[in-house]
Amino acid sequence: MPELPEVEVVRRGLADWVVGRSIESVQVLDPRSIRRHSAGTSDFEQRLSGSVVSAAVRRGKFLWLLLDGPRQPTALVGHLGMSGQLLVEESIEPDEKHLKVRLGLSPEAGKPRELRFIDQRIFGGMFLSPLVPTHDHLPGGMGSEISWLPEAAAHIARDVLDPVSTPESLYMALRKRNTQLKRAILDQEVIAGVGNIYADEALWAAKLHGLRSTATIRRPDVERLHTALVDVMGRALEAGGTSFDALYVNVNGASGYFDRSLNAYGREGKPCYRCEAAGIESVIRRDAFMGRSSYSCPRCQRKPR
DNA sequence: ATATCTTCCTGGGGGC
DNA sequence: TGCCCCCAGGAAGATA
């Protein structure tokens with residue numbers, strides 16, 4: 001499913017294929033996909049029609065197109081949920097089974113005429129949101145900075161791959177919370193972009209158990225965690241980038257990275273690679289956590305008592 | 001106030 | 001073979 005690296009690949013595709021063009025027509029095929037647009041389908045279609053896309057922006061797993069128009073500054077916000085796709089395609093292509101929204105784009109040489117939102121499970125969606133000036137509190141006494149963000153995404157923290165996210169800023173954010181480590185890194189208001197898979201991968205790489213308390217976590221632990229998060233996201237982004245077909249703005253939910261490089265997630269009952277390399281037998285276990293699964297090595301990720 | 005639980009949704013897959 | 005039930009996931013809103 002799409003996580004930060006996949007969403008970034010989509011953003012780059014939108015920047016290449018959609019930015020600078022106008023949205024000439026809008027067709028909502030399933031209103032559930034725009035349920036976060038509270039004014040409804042016809043309002044969405046009318047307000048979006050005729051706007052010009054000036055940029056593609058991402059923070060965490062939220063993605064938005066900045067719209068230039070006569071109205072107040074507005075973003076078309078998209079979230080892929082767990083099965084969403086954005087595809088740039090020719091109008092002649094048959095409708096996908098789970099096509100939810102079709103945007104007709106102004107003609108441009110060599111570029112397809114439609115941007116389509118496809119979503120099987122409908123956890124994702126699109127909606128219009130006004131841009132609001134938002135204070136981002138920067139770490140380490142650097143004060144605050146104003147960013148113009150869609151109102152609906154203004155609460156999201158800085159992103160894992162944002163240079164402003166540092167081990168120290170993560171340490172400060174974690175220490176402010178009183179919860180379990182994995183809960184905290186999945187919380188988009190602590191650090192944006194981490195989903196269940198990368199949370200488990202980063203915790204494994206940092207040799208930390210997700211049940212550790214954020215209130216007592218130490219700097220060296222957080223430094224390893226931050227390094228692991230940046231590393232795992234960075235490598236996944238490279239993998240997603242290399243398989244990116246320039247004709248598509250595509251997320252297919254099965255990036256090559258997932259197939260080859262997972263150390264913990266989905267490996268229940270299989271040997272922990274790190275322990276194996278050290279000549280020690282240890283098997284990845286799966287535990288229920290927050291209504292989903294957590295994978296960890298019982299030996300090198302010590303569970304707190 | 002903060003922390004945690006529930007809900008939204010579909011189709012693949014396991015069990016029988 | 002087919003049905004039924006569970007499971008996967010992010011995040012908003014409800015609840016404790």
Side-chain angles (χ1 to χ4, degrees), chain A residues 1-8 10-11 28-39 58-64 75 77-86 95-101 117-129 149-160 172-203 210-217 229 233 236 251-255 257-259 262 264-269 286-295:
Chain A
M1 65 296 304
E3 295 204 31
L4 183 153
E6 292 76 17
V7 180
E8 174 59 15
V10 172
R11 190 202 65 77
V28 176
L29 292 95
D30 186 341
R32 292 177 298 176
S33 287
I34 62 154
R35 61 177 178 258
R36 290 193 64 188
H37 189 83
S38 49
R58 180 189 61 76
R59 179 179 287 210
K61 291 172 276 194
F62 279 85
L63 178 68
W64 59 90
V77 182
H79 198 294
L80 301 175
M82 62 181 294
S83 57
Q85 293 176 282
L86 283 166
D95 288 4
E96 289 76 8
K97 184 176 178 191
H98 300 293
L99 178 62
K100 303 300 186 184
V101 180
F117 179 69
I118 296 140
D119 191 10
Q120 178 201 110
R121 296 188 198 178
I122 326 181
F123 269 37
M126 298 179 127
F127 54 95
L128 293 171
S129 185
L149 300 177
E151 196 171 51
H155 62 294
I156 302 295
R158 291 292 188 131
D159 181 300
V160 177
M172 299 296 279
L174 290 173
R175 276 290 188 146
K176 271 190 230 163
R177 297 299 179 110
N178 179 26
T179 189
Q180 296 153 337
L181 184 56
K182 184 170 173 183
R183 279 183 190 277
I185 62 175
L186 288 173
D187 185 337
Q188 305 300 299
E189 297 184 34
V190 171
I191 188 161
V194 184
N196 197 43
I197 294 173
Y198 292 132
D200 279 0
E201 290 301 302
L203 288 166
L211 294 179
R212 287 279 296 275
S213 165
T214 55
T216 56
I217 196 97
L229 284 167
M233 295 288 184
V251 165
N252 60 25
S255 89
Y257 175 78
F258 288 159
D259 298 339
L262 292 178
Y265 185 85
R267 299 198 62 247
E268 182 183 18
R286 179 170 74 97
D287 296 287
F289 181 74
M290 293 176 71
R292 38 191 59 94
S293 294
S294 280
Y295 298 87

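Chain A is the first sequence line, chain B the second, and so forth, proteins listed ahead of strands; every chain is numbered from 1.
A:Q180 places no side-chain N or O within donor-acceptor distance of the main-chain N or O of A:T214, the cut-off being under 3.5 Å. Using modelled atom types, no side-chain atom of A:E3 and backbone atom of A:K61 make a donor-acceptor pair closer than 3.5 Å.
With sequence neighbours left out, A:D30 forms a side-chain contact (heavy atoms from CB on, under 4.5 Å) with A:R32, A:K100, A:I122. Annotation: side chain to side chain donor-acceptor pair (under 3.5 Å) contacts of A:H79 (sequence neighbours excluded): none. Applying the side chain to side chain donor-acceptor pair (under 3.5 Å) rule to A:E151 yields no partners; only residues at least two apart in sequence or on another chain are considered. Under the side-chain contact (heavy atoms from CB on, under 4.5 Å) criterion, A:S294 pairs with A:K182, A:D200, A:F289, not counting sequence neighbours. In this structure, the salt bridge (Lys or Arg N to Asp or Glu O under 4.0 Å) partners of A:R177, at least two apart in sequence or on a different chain, are A:D187. Residues satisfying the side-chain contact (heavy atoms from CB on, under 4.5 Å) test with A:A152, not counting sequence neighbours, are A:R36, A:F127, A:S129. Residues satisfying the ring-ring contact (aromatic ring centres under 6.0 Å, His included) criterion with A:Y295, sequence neighbours excluded, are A:Y265. Every residue meeting the side chain to side chain donor-acceptor pair (under 3.5 Å) condition with A:S293, not counting sequence neighbours, appears here in chain and number order: A:R286. Remark: A:R121 engages no residue in a side chain to side chain donor-acceptor pair (under 3.5 Å) (not counting sequence neighbours).
Closest to the side chain of A:K97, out of C:dA11, B:dA3, B:dG11, is B:dG11.
Atom pair A:Y198:OH and C:dA8:C1' shows a separation of 16 Å (rounding to whole Å applied). Look at CD1 on A:I185: it is 16 Å from P on B:dA3, rounded to the nearest Å. Look at NE2 on A:H79: it is 8 Å from P on C:dG10, rounded to the nearest Å. In this structure, the CD1 atom of A:I191 is 14 Å from the P atom of C:dA11, given to the nearest Å. A:L80 places its CG atom 12 Å from the P atom of C:dG10, with the value rounded to the nearest Å. Across the protein-nucleic acid pair, A:E189 atom CD and B:dA1 atom P stand 13 Å apart, rounded to whole Å. Between A:E268 atom CD and C:dA8 atom P the separation is 10 Å, expressed in whole Å. With rounding to whole Å, A:F289 atom CZ is found 12 Å from C:dG10 atom P.
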> Where along nucleotides 4-10 of chain B does protein come under 4.0 Å, by heavy atom, of base (B) or sugar-phosphate alone (S), with - for untouched nucleotides?
Replying inline: SS--BBB

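For C:dA12, the OP1/OP2 oxygens have a side-chain nitrogen or oxygen of A:H155 closer than 4.0 Å.
In the helix from B:dT2-C:dA16 to B:dC16-C:dG2, the terminal helix axes, each the rotation mapping four pairs' C1' atoms onto the next four within five end pairs, subtend 60°, rounded to 10°.
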Each nucleotide N or O in nucleotides 14-16 of chain C that has a protein N or O under 3.5 Å away: list the pair and distance.
none

